[in-house]
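Worksheet: the structure to be examined is printed underneath.
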Amino acid sequence: ENGENIFLSKWSGEGVEQWTKEWGTYWNDAGLSVAVDADDIYVTGYETNGNNIMEAKYWKNGLAITLTDGKLNASANAITVVGTDVYVAGYEYNSAGVQVAKYWKNGVAVTLSDGTINTSANSIAVGGSDVHIAGASYDAGSRTYTTKYWKNTDVTDLNSGSSGVANLDIYGNAVFLNNGNVYVGGNSVSGANSTKPTYWKNGTAFVNFSSASYFHQVTSIYVLGGKVYLGGFGNYFGNGPNLGMVWTAGAWRGMEFSS
């Protein structure tokens, strides 16, 4: 095989690897999210077909379910399972070459953005009959990123920023429900070349590490005992490798990735 493959590993609570599985095509593929429901294991991501087009997929116990028709690039970024219902968040490009945010419920697509600027759905959670999604849009003309939150198909813009740096991502990457509250994890612009880890509780922003400089990216959020935990990566000192990081209550902890 010539490209990148998908890996799935199981580890014990003591940090001992139990097993690892690998699969993929000749081209580049990616596994982006995992959910476990009883004895079933779900993985989302994409596989690249023979026409070099990314197909959004999820796998249940190794069996692939394809969400898009393989004509336009697409990705399944996140998954949650509620009873017999499977919800997947991601995007699919339209014929104009614009990324359109979508979620799929049991394989049926729901469109979240209008297809005029690149938009992606990156995380999904379900509470009762409501679907909650975190994501982002990027306006290439103004180089403006906007963190977005959808409740079903109703969208709220949580923040936006233009750093002037084309690859400085301002994303809503995580959503979490706790005691009737909706938490979104992401980041916000703090300077020409820097972002700050940020979360929103019911739409109100909390900058978790206000003195942060350089680049930080939040990729997950969890709430336990009233305390909010953000996970992600970044480079606080402005040199050397990125660090895996956990932030909570305004503090931070950095762990360098092992090679």
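Predicted model only: the values in this text are computed from it and were never measured.
E55 is not listed as a side-chain neighbour of T48, based on a closest heavy-atom distance of 4.5 Å or more. Considering only heavy atoms from C-beta on, I41 stays 4.5 Å or farther from K60 through its side chain. Taking 4.5 Å as the limit, some side-chain heavy atom of L112 sits within range of a side-chain heavy atom of T153. No side-chain heavy atom of N49 sits less than 4.5 Å from a side-chain heavy atom of E47. You'll find the side chain of K148 reaches within 4.5 Å of the side chain of T119, heavy atoms only. V228 places a side-chain heavy atom less than 4.5 Å from the side chain of I221. Contact check for V175 versus V182: side-chain heavy atoms found under the 4.5 Å cut-off. The closest side-chain heavy-atom distance from N173 to S123 is not below 4.5 Å.
Note: Y149 and H132 have parallel aromatic rings, judged against thresholds of 30 and 60 degrees for the angle between ring planes.
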Inset, instruction - Could you walk me through whether F206 and T198 pass side chain to side chain contact (heavy atoms under 4.5 Å, CB included), step by step? - result: CA-CA 6 Å; F206 296 85; T198 305; 5.9 Å; no
Inset, instruction - Could you please spell out the steps behind the side chain to side chain contact (heavy atoms under 4.5 Å, CB included) verdict for V131 and I124? - result: CA-CA 7 Å; V131 181; I124 189 165; 3.7 Å; yes
Legend entry - Candidate pair L230 and Y199, rule side chain to side chain contact (heavy atoms under 4.5 Å, CB included), full reasoning: CA-CA 8 Å; L230 303 177; Y199 74 90; 3.9 Å; yes
Inset, instruction - Begin from the C-alpha positions of L158 and V184 and carry the test side chain to side chain contact (heavy atoms under 4.5 Å, CB included) through to its verdict. - result: CA-CA 9 Å; L158 296 177; V184 174; 3.9 Å; yes
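For the residue pair S120/N77, the side-chain donor-acceptor check at 3.5 Å is satisfied.
Contacts of T156 classified as side chain to side chain donor-acceptor pair (under 3.5 Å), with partners at least two apart in sequence or in another chain: none. Listed by chain and number, the residues in a side chain to side chain donor-acceptor pair (under 3.5 Å) with Y229 amount to none (sequence neighbours excluded). Judged as a side chain to side chain donor-acceptor pair (under 3.5 Å), and not counting sequence neighbours, T111 has no contacts. Applying the ring pair (Phe, Tyr, Trp, His ring centres under 6.0 Å) rule to Y183 yields no partners; only residues at least two apart in sequence or on another chain are considered. With sequence neighbours excluded, no residue forms a side chain to side chain donor-acceptor pair (under 3.5 Å) with Q18. Scanning for side-chain contact (heavy atoms from CB on, under 4.5 Å) contacts around V82 gives Y87, V126, with sequence neighbours left out. Under the rule for a ring pair (Phe, Tyr, Trp, His ring centres under 6.0 Å), the partners of Y93 that lie at least two apart in sequence or sit in another chain are Y91. Judged as a side-chain contact (heavy atoms from CB on, under 4.5 Å), and not counting sequence neighbours, S220 has no contacts. K105 pairs by the salt bridge (Lys or Arg N to Asp or Glu O under 4.0 Å) definition with nothing, not counting sequence neighbours.
Among pairs with a residue in residues 107-132, those fulfilling salt bridge (charged side-chain N to carboxylate O under 4.0 Å, His left out) read D130-K151, at least two apart in sequence or across chains. Applying the salt bridge (charged side-chain N to carboxylate O under 4.0 Å, His left out) test to every pair with at least one member in residues 83-100, sequence neighbours left out, gives these pairs: E92-K102.
The main-chain N or O of Q217 is never found under 3.5 Å from a side-chain atom of N187 such that the two would form a donor-acceptor pair. A donor-acceptor distance shorter than 3.5 angstrom exists from the side chain of N73 to the backbone of M54, with no hydrogens or angles considered. Between the N51 side chain and the I53 main chain, no donor and acceptor come within less than 3.5 Å of each other. Under a 3.5 Å cut-off, the side chain of N94 and the backbone N or O of G97 do form a donor-acceptor pair.
Atoms OH and OG1, from Y138 and T144 in turn, are 8.0 Å apart once rounded to the nearest 0.5 Å. For the atom pair OG1 (T146) and CG (D157), the distance works out to 5.5 Å, reported to the nearest 0.5 Å. Note that OG of S137 and CD of Q99 are 10.5 Å apart. Values are rounded to the nearest 0.5 Å.
Nearest heavy atom pair, residue I133 against residue A121, reads CG2-CB, 3.6 Å. Annotation for G185 and W200: closest pair C-CZ3, 4.4 Å, computed over non-hydrogen atoms. Summarising the geometry of Y46 relative to S75, their closest heavy-atom pair is CD2-OG, 3.6 Å, with the distance given to 0.1 Å. Taking all atoms of both residues into account, the shortest heavy-atom contact from A101 to S113 is N-OG, 2.9 Å. In this structure, S9 and T20 approach most closely via the heavy-atom pair OG-OG1, 2.8 Å. The heavy-atom pair separating A125 from L177 by the smallest distance is CB-CG, 4.0 Å.
In the hydrophobic clustering, I65 connects to Y42, Y58, L67, I79, V81, V86, V88, W104, either directly or through intervening members, whenever side-chain heavy atoms lie under 4.5 Å apart.
Linking Ile, Leu, Val, Met, Phe, Trp and Tyr residues whenever their side-chain heavy atoms come within less than 4.5 Å places L224 and M245 in a single cluster.
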